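Here the structure comes first, spelled out in structure tokens, and everything after it is commentary.
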There are 2 protein chains.
Amino acid sequence: MAKDRKIDVVILGLLSHEDLTGYDIKKRIDGAINFFWKGSFGSIYPALNAMEEAGQIKSYKADDPGSRGKIFYHITQKGINALKQWLNEDQASNELKYETLLKLYFGGVEGADTAIRNVEVFESNIKSELEVLKIYEKNLRAEQDNEDHKFFLLTVMFGIETYEAYLRWCAKAKKILMN
Amino acid sequence: MAKDRKIDVVILGLLSHEDLTGYDIKKRIDGAINFFWKGSFGSIYPALNAMEEAGQIKSYKADDPGSRGKIFYHITQKGINALKQWLNEDQASNELKYETLLKLYFGGVEGADTAIRNVEVFESNIKSELEVLKIYEKNLRAEQDNEDHKFFLLTVMFGIETYEAYLRWCAKAKKILMN
DNA sequence: TCATAATATATCAAATTGATATATTCAAAA
DNA sequence: TTTTGAATATATCAATTTGATATATTATGA
């Protein structure tokens, strides 16, 4: 068997703050949590059906006119319990796949120039993503009122700390590759 | 369609250094590249068959007695070309899933104590993995003779740089969570 | 001799991705 | 006013990957 559906806890976590549609959930995932987690419609919609079947969430149709078949989901007590249980488990997987490092590891096949190019591509992407994270950070430090503000800020701080480490490494790597 | 089989380039990269069996490939993946890439038998064996079909690798049976049905794979020119082409493409995916950050992001549901516990679990795991990386680094700095030594060292340096950033963040996070 | 760990290949259900299909609503340009 | 394109919204599919399990052989050590 494959591992448990991890998308479930993402959905439960988001629904613990507000009722959302599947499309809303996708947008939330693509927003502030995008740099440490991803999710696709192909996993979200089937999970929503399975979780409603399991009684962790409850669907309802939007009744305001002109909202087509919009389906909102609300978390149940059972869902809240499942979310809390997961939060209290020590196990956490943290699966990382850096294609950039894979290219560097096998860099000997092509040589230093190609490797430098790959480091530069990575560096350029990280620089622009770091700017986005710094804007998030600024906004979070401004609105201290939000109850969950502290938790959101911590994840953004994680991103900034690691992205800055990436950039330091890029500089070192280029230096070594240029001899 | 799902994205291209990424396991292919891992296999090609490893076979560009030496002929290996599927089992050997799994051991290599579980070794020095484990902290930035993973792979399972369930993806390796089917990929080996598909790649031989595509002419990128060539299998042969070990003929020494007592080696059971051991099947070695050798990279072909076609395989080397595919590997080089991939190395020269700017696109690189770097997919990260930090369950630890997910728990922290939704930490408001349980509160600071649980969040601190989750940070501590992460911190403890990273500390022991960092020690392993430092041993790798020490070994790599000793054997300067290996042609690919520089490329291997760069990936390990990446690991050390980021893991140390993780630990700095853990300290900050615990401080913030304790108020 | 016997047990068990390591080696070795293979397959499967479940989870996930990335793409595609379909349809509606909204905003802006023609 | 119409139309065109972007955003919204749900759903499904093939391909990839994981993690587990099945099966069998060889090596090691008690």
Side-chain angles (χ1 to χ4, degrees), chain A residues 1-12 19-31 33-34 36-54 57 59-73 86 91 93-97 99 102, chain B residues 1-11 19-31 33-34 36-54 57 59-73 91 93-97 99 102:
Chain A
M1 215 191 313
K3 61 173 182 286
D4 296 341
R5 271 203 320 267
K6 279 290 154 56
I7 191 70
D8 286 18
V9 288
V10 181
I11 292 171
L12 290 173
D19 292 1
L20 297 167
T21 68
Y23 190 80
D24 293 331
I25 289 166
K26 172 63 172 158
K27 276 192 297 179
R28 293 288 186 290
I29 294 173
D30 288 345
I33 76 168
N34 189 249
F36 66 83
W37 203 273
K38 280 163 187 73
S40 59
F41 287 127
S43 63
I44 293 167
Y45 285 109
L48 286 170
N49 290 329
M51 289 164 74
E52 175 152 41
E53 191 71 30
I57 58 176
S59 72
Y60 61 93
K61 292 254 197 300
D63 54 1
D64 56 305
S67 67
R68 55 200 117 170
K70 226 196 239 194
I71 305 164
F72 278 91
Y73 289 90
W86 167 72
Q91 191 280 329
S93 69
N94 303 320
E95 279 167 44
L96 318 181
K97 290 201 170 184
E99 194 173 353
L102 210 52
Chain B
M1 214 191 316
K3 62 173 184 287
D4 296 341
R5 271 203 319 268
K6 279 288 155 54
I7 191 69
D8 286 18
V9 288
V10 181
I11 292 171
D19 292 1
L20 297 167
T21 67
Y23 190 80
D24 292 333
I25 289 166
K26 172 64 173 157
K27 277 192 296 179
R28 293 287 186 291
I29 294 174
D30 287 345
I33 75 168
N34 189 249
F36 66 83
W37 203 273
K38 281 167 187 67
S40 61
F41 287 128
S43 63
I44 294 167
Y45 285 109
L48 286 170
N49 291 329
M51 290 164 74
E52 174 151 42
E53 191 71 29
I57 58 176
S59 70
Y60 61 91
K61 291 252 195 305
D63 53 0
D64 56 306
S67 68
R68 55 200 115 167
K70 226 196 241 195
I71 305 164
F72 279 90
Y73 289 89
Q91 189 280 328
S93 67
N94 304 321
E95 280 168 45
L96 318 182
K97 290 201 170 181
E99 194 173 351
L102 210 51

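By convention in this document, chain letters (A, B, ...) are assigned in the order of the sequence lines, proteins followed by strands, and residues within each chain are numbered from 1. Just so you know, these numbers come straight off a predicted model, no measurement behind them.
Within residues 39-48 of chain A, the residues approaching DNA chain C are Gly39(A), Ser40(A), Gly42(A), Ser43(A), by heavy-atom distance under 4.0 Å. Within residues 22-29 of chain A, no residue has a heavy atom under 4.0 Å from DNA chain C.
In this structure Lys70(A) satisfies the salt bridge (charged side-chain N to carboxylate O under 4.0 Å, His left out) test with no other residue, sequence neighbours excluded. With sequence neighbours left out, the side chain to side chain donor-acceptor pair (under 3.5 Å) criterion links Tyr60(A) to Asp19(A).
Between the CG atom of Asn94(A) and the CZ atom of Phe36(A) there is a distance of 11.0 Å, given to the nearest 0.5 Å. Here Met51(B) contributes atom CE and Ile57(B) contributes atom CD1; the two are 5.0 Å apart, rounded to the nearest 0.5 Å. With rounding to the nearest 0.5 angstrom, the CD1 atom of Ile25(B) is 5.0 Å from the CD1 atom of Ile11(B). To the nearest 0.5 angstrom, Ile71(B) atom CD1 is 4.5 Å from Lys61(B) atom NZ. Note that the OH atom of Tyr73(B) and the CG atom of Asp24(B) stand 11.5 Å from one another [nearest 0.5 Å].
A salt bridge between Asp30(A) and Lys26(A) is present, with a side-chain N of the basic residue lying under 4.0 Å from a carboxylate O of the acidic one.
Between its two ends, the helix from dT1(C)-dA30(D) to dA30(C)-dT1(D) turns its axis by 20°, counting five pairs per end and rounding to 10 degrees.
The side chain of Thr21(B) contributes an N or O atom lying less than 4.0 Å from OP1 or OP2 of dT9(C).
Atom P of nucleotide dA14(C) and atom CZ of Arg5(A) are separated by 11 Å, given to the nearest angstrom. Summarising the geometry, the separation between CG on Asn49(B) and P on dA15(D) is reported as 16 Å, rounded to the nearest angstrom. Atom CG in Asp30(A) sits about 13 Å away from atom C1' in dG18(C), given to the nearest Å. Summarising the geometry, the separation between NZ on Lys61(B) and C1' on dT7(C) is reported as 16 Å, rounded to the nearest angstrom. The interatomic distance linking Ile11(A) (CD1) with dT10(D) (P) rounds to 12 Å, in whole Å.
Of all nucleotides listed (dT17(C), dA9(D), dT16(C)), dT17(C) comes nearest to the side chain of Lys38(A). Closest contact between the side chain of Lys97(A) and the listed nucleotides dT17(C), dT9(C), dT17(D) involves dT17(D).
Heavy-atom nearest nucleotides on DNA chain C were determined for Tyr73(B) and for Glu95(B), and the one closer to the 5' end corresponds to Tyr73(B).
For CD of Gln91(B), the number of neighbouring non-hydrogen atoms (other residues, nucleotides, ligands) closer than 6.0 Å is greater than 12.
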Inset, instruction - For Trp37(A) and Glu95(B), run side-chain hydrogen bond (donor to acceptor under 3.5 Å, both in side chains): C-alpha distance rounded to whole Å, both residues' side-chain angles, the deciding distance at 0.1 Å, then the answer. - result: CA-CA 8 Å; Trp37(A) 203 273; Glu95(B) 280 168 45; over 6 Å; no
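Sorted by first and then second residue, the side-chain hydrogen bond (donor to acceptor under 3.5 Å, both in side chains) pairs involving residues 38-50 of chain B (not counting sequence neighbours) form an empty list.
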